[in-house]
Every structure is written in structure tokens, then in C-alpha cells.
Number of protein chains: 2
Amino acid sequence: MERAEPTRGRRKAEHMADTREALVAAGATLFASRGYAATGTEDIVSSARVTRGALYHHFSDKADLFRAVMERSARDMAQRLIEQETARAEAHPEYDAWTTLRLGFQSFLDACADPSFQRIVLIEGPAVLGHSIWDSLVDQHGYVLLAEVLTKAMQEGSIDALAVQPLTRMLAALISEASLYIARAQDQARAREETGDALDRILAGLERRPA
Amino acid sequence: MERAEPTRGRRKAEHMADTREALVAAGATLFASRGYAATGTEDIVSSARVTRGALYHHFSDKADLFRAVMERSARDMAQRLIEQETARAEAHPEYDAWTTLRLGFQSFLDACADPSFQRIVLIEGPAVLGHSIWDSLVDQHGYVLLAEVLTKAMQEGSIDALAVQPLTRMLAALISEASLYIARAQDQARAREETGDALDRILAGLERRPA
DNA sequence: CATCCAACATACAGCCTGTATGTTGGATGC
DNA sequence: GCATCCAACATACAGGCTGTATGTTGGATG
């Protein structure tokens with residue numbers, strides 16, 4: 001995607017990238033704390049120390065900036081999960097797909113605790129971007145990982161064969177809602193435990209059964 | 001809540017209720033089709049054949065109207081599910097709690113297919129109202145029914161004892177997401193079948209197991 | 001029948017988005 | 001090395017939309 005610029009053009013290109021990144025970072029902070037509608041474009045550009053002209057030069061409109069913000073948030077989340085996944089695979093090569101699945105889901109649940117991710121990706125995202133854009137973003141960055149793990153578990157025979165695509169999204173929604181429930185609970189430690197238990201029990205329904 | 005007016009005051013009170021209902025109905029249609037942000041207050045009042053003055057007389061602001069719209073949508077949904085539930089209980093008094101649970105969840109899945117419900121309650125609601133208001137609405141109208149069925153199933157011993165509150169919300173999210181997946185699928189019949197299967201299998205994880 | 005007030009209608013002010021129009025600094029060709 | 005150009009911004013403006021403040025009216029009330 002990123003084409004190598006001629007050496008002369010580097011300085012300018014980097015400066016431009018900086019500006020864009022500053023806008024996305026400012027948008028991420030403000031959208032996450034105040035929400036999309038309550039955040040004015042002037043708030044964003046003043047936080048990024050540019051003007052509204054820069055914003056509308058880099059993005060087609062406010063929603064387009066939000067799209068970039070959500071994409072970054074989703075990408076970061078996927079990156080974190082992949083790192084945890086590979087680290088676990090290295091540390092415990094003996095784990096089978098079923099164990100990996102269960103542990104991975106608990107990791108996902110914990111990672112979703114991030115308030116910025118919750119607000120931007122889970123709450124505002126669907127309303128601001130609409131389902132087609134939101135779906136494409138989550139497909140790219142989020143579901144691929146989940147679907148991969150599920151497919152592997154099916155191939156190993158640790159869970160029964162089901163349609164991977166709907167199952168992926170249903171389980172992702174399950175974990176997402178669980179993370180929101182935990183975040184809003186008075187006793188978060190207890191909520192974490194209870195949702196974790198429920199998640200494990202629900203996953204057990206997918207376990208391969210004797211015919 | 002509703003105090004009996006003196007007989008003379010009826011006409012006026014009914015007219016007021018009509019106006020309010022017209023606003024809620026117009027809001028429901030427009031919010032569901034165009035979304036909250038894209039719907040102007042002028043669109044709503046012209047559709048309801050009143051002026052913006054009436055809107056701001058009955059509701060504190062635009063979000064307050066949306067709250068009334070969502071409340072009506074959630075109440076209708078709950079009402080439909082309760083009716084189905086009682087009808088099933090009368091037609092098949094032999095069903096145990098486990099069967100009732102499974103059939104009820106499939107009914108819930110089908111009921112969630114309503115595009116207006118999806119847009120207003122599931123997509124826009126959380127972003128527009130914030131979690132505390134949204135949660136209180138869903139608690140009142142939606143979760144009570146689910147929690148009731150789950151509790152009964154646990155008491156009958158057909159599913160294992162788990163924390164009802166988090167489980168209720170996780171399962172509701174599961175079904176909600178499934179309904180959205182179906183609505184957005186190209187092959188909806190196939191999506192309905194696949195999600196229905198997955199839902200059944202997931203529920204199976206809650207089934208009581210031999211120690 | 002005079003009075004009052006709830007239930008609206010109208011008018012206005014402020015904000016906020018998007019666009020149209022400048023401006024500037026670095027890259028580029030010669 | 002310098003004129004030129006254009007991308008990367010900054011500024012200015014127009015339109016719309018929300019919320020509020022201020023009128024108005026028809027029915028209830030004593």
C-alpha cells in the first residue's frame with residue numbers, strides 16, 4: 001500500500017503523515033471520551049494543533065476521520081491479540097486448538113476492557129458508520145483472527161463443524177457485550193468472574209460430542 | 001402513574017396524548033429509516049403535522065423523544081414475546097423449562113428481524129442515549145423476560161446455575177447480533193438456519209451435566 | 001362570563017459542518 | 001540558482017439545525 005517516495009520527497013511526506021496521525025490521535029481521544037456527536041471538529045483540530053482546513057484536506061468529512069480512528073483502534077486490538085496468541089503458542093506448544101480457543105477468548109474478553117475500544121468500536125461505530133462500513137472494518141481487522149482459530153479447532157475436531165462466519169460474529173458479540181457488562185458493573189472483579197464462567201460454559205456447547 | 005382526570009378534562013387530555021403519540025410514531029419511522037443524526041426535528045414535526053413547539057413542549061430535547069421512541073419499540077417487542085410465550089405455554093403445557101428456553105430463544109431471534117427494532121434499539125440506542133439510560137430501558141422491557149425464563153430453567157435443573165444477570169445480557173447480545181447478521185446476509189434463509197443451529201449448540205453448553 | 005393556564009405556534013440566537021477561496025513552503029525543471 | 005508549480009494547509013463564508021424565549025389560543029374553572 002505504501003509506495004516508496006523519491007528520497008527528496010521524504011521530509012514533506014513525513015510531515016503530512018504526522019499531521020494526519022495527530023488528527024487521528026486527537027479524534028481517538030475526544031471521540032472516546034465525549035462521543036462522536038458531542039465532539040466538534042474545532043475541538044479535534046485545536047487538540048491536534050492544526051486548523052479545520054487540514055482535517056478536510058486529509059479526510060472527506062468528520063465521519064471519514066472517525067472511520068480512520070476506528071480502523072486504528074480495531075487494528076491495535078487485533079495486533080495485541082495476535083501477539084498474545086503467538087506468545088502463547090511459543091510458550092505452550094502443547095496446547096491443542098480447544099485450549100487455545102478457550103484461553104484466547106478469555107484474552108479477548110480482557111482486551112475488550114479498554115474503554116476507548118468499547119466506545120469507538122462497539123458503541124459509536126455501528127451508529128456513525130453504518131453496518132456496511134463497520135462490517136468491512138471488523139471483518140478486516142477483527143473477525144479474521146477469530147475465524148482462523150475457530151476453523152483450526154474444527155479441523156482438529158475439538159469442536160463440531162458449524163458455519164464459521166455466523167458463529168464468529170455471534171461469539172464476538174457475546175464477548176463484546178460481556179466486556180461492556182463488566183465495565184459497567186459496580187463489582188467489576190465479580191462481573192469478570194461471572195462472565196468468564198458463563199463464557200466457558202457457553203463455549204462448552206461447541207465442544208465435539210460423541211455421536 | 002396515570003391519574004384519573006375529571007370527566008370534563010378528558011377531551012383535552014386525549015388530544016394531548018394524540019399529539020405526543022403522533023410525535024413518537026413519526027420519530028419511530030424516521031429514526032428507523034434515516035437514523036437519528038440524519039433526521040431533523042423539522043422532518044419529525046412536519047410528518048406528525050405539528051410544529052417544533054409541540055415537540056419541545058412534550059420532550060426536553062431530541063434525545064428525549066428518541067428515548068420515548070426506543071421505549072415504545074422495546075415495549076412492543078417484549079409484549080410480542082410475552083404473548084408468544086403464554087400462547088406456547090397454553091398450547092403445550094407439557095414443555096419443560098429447557099424446551100421453553102430453546103424455543104423462546106428462536107422466537108426472540110425471529111422477532112429481532114424487525115428492521116425498525118434493529119436500527120433504533122440495537123444500533124442507534126446505545127450511541128444516542130448512553131449506556132445508563134439504554135441499560136435501564138432494556139432492563140425494564142427486555143431482560144426481565146429473559147432472566148425469568150433462565151431462572152426458571154435453573155430452578156428446574158435443566159441448566160446449571162450461573163449468574164443470571166450477566167448470562168442474560170450475553171445471550172441477548174448473542175441473539176441480537178445473530179439477527180443483524182441475518183438481516184445483512186445475502187442468503188437470509190441460509191443465514192437464519194446457520195445462526196439457529198449455532199444458537200442451539202451454544203445453548204447446549206448451558207445444559208445441566210452429570211457431575 | 002371573565003380569568004387563567006396548559007398546549008401549543010413563532011421567532012430568534014448560537015453552533016457546527018462542509019465548501020469555496022486564499023496562502024505558503026518545498027519540490028522540480030531548466 | 002531561480003522561476004514555477006502544486007500539495008498541504010489556513011481562512012472565510014453559507015446553510016442548516018438545535019434549543020430557547022416569546023407570543024397566542026382554546027378549553028377548563030369558579
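Chain identifiers are assigned alphabetically (A, B, ...) following the order of the sequence lines, protein sequences preceding nucleic acid strands; residue numbering begins at 1 within each chain.
- The phosphate of C:dT17 has OP1 or OP2 within less than 4.0 Å of a side-chain N or O from A:T41.
- If you check C:dT17 for Watson-Crick or wobble pairing at under 3.5 angstrom, you find it paired to D:dA14.
- Distances shown here put every side-chain N or O of B:T19 at or beyond 4.0 Å from the OP1 or OP2 atom of C:dA7.
- Comparing C:dT19, D:dC9, C:dA11 against the side chain of A:R52 picks out C:dT19 as the nearest.
- To the nearest angstrom, P of D:dG19 lies 5 Å from CG of B:D61.
- We find that NE2 of A:H15 is positioned 8 Å from C1' of D:dC9, with the value rounded to whole Å.
- Distance, A:D64 CG to C:dT17 P: 15 Å, rounded to whole Å.
- Contact check on A:E21 versus A:R72 returns a salt bridge, with a Lys/Arg side-chain nitrogen under 4.0 Å from an Asp/Glu carboxylate oxygen.
- Among the atoms of the strands shown, none is found under 4.0 Å from any heavy atom of B:S60.
- No side-chain donor-acceptor contact under 3.5 Å links B:R34 and B:T39.
- If you check D:dG23 for Watson-Crick or wobble pairing at under 3.5 angstrom, you find it paired to C:dC8.
- Per the geometry, CG belonging to B:D18 stands 13 Å off P belonging to C:dA7, to the nearest Å.
- The side chain of A:M16 has D:dC9 as its nearest neighbour among D:dC9, C:dT19, C:dT10.
- Heavy-atom minimum distance, A:L122 versus A:S176: CD2-OG, 3.7 Å.
- Distance B:F59 CZ to D:dT18 P: 15 Å, rounded to the nearest Å.
- If you measure from atom CG of B:L30 to atom P of D:dC17, you get 13 Å, rounded to the nearest angstrom.
- Side chains of A:R184 and A:Q118: a donor-acceptor N/O pair is absent below 3.5 angstrom, by distance only.
- In this structure, D:dA28 and C:dT3 make a Watson-Crick or G-U wobble pair, each of the two defining distances being under 3.5 angstrom.
- The distance from atom CG of A:L55 to atom P of C:dT17 is 9 Å, rounded to the nearest whole Å.
- Checking C:dA9, C:dC8, C:dT17 against the side-chain heavy atoms of B:H58 singles out C:dC8 as nearest.
- Checking the phosphate oxygens (OP1, OP2) of C:dC8, no side-chain nitrogen or oxygen of B:H57 falls inside 4.0 Å.
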Would you check, one step at a time, whether the test salt bridge (Lys or Arg N to Asp or Glu O under 4.0 Å) holds for A:E85 with A:R88?
-> CA-CA 5 Å; A:E85 198 73 15; A:R88 180 157 40 225; 3.6 Å; yes
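- Following rounding to the nearest Å, B:L65 (CG) and D:dT18 (C1') show an atom-to-atom distance of 13 Å.
- The side chain of B:Y56 has D:dT18 as its nearest neighbour among D:dT18, C:dA9, C:dG18.
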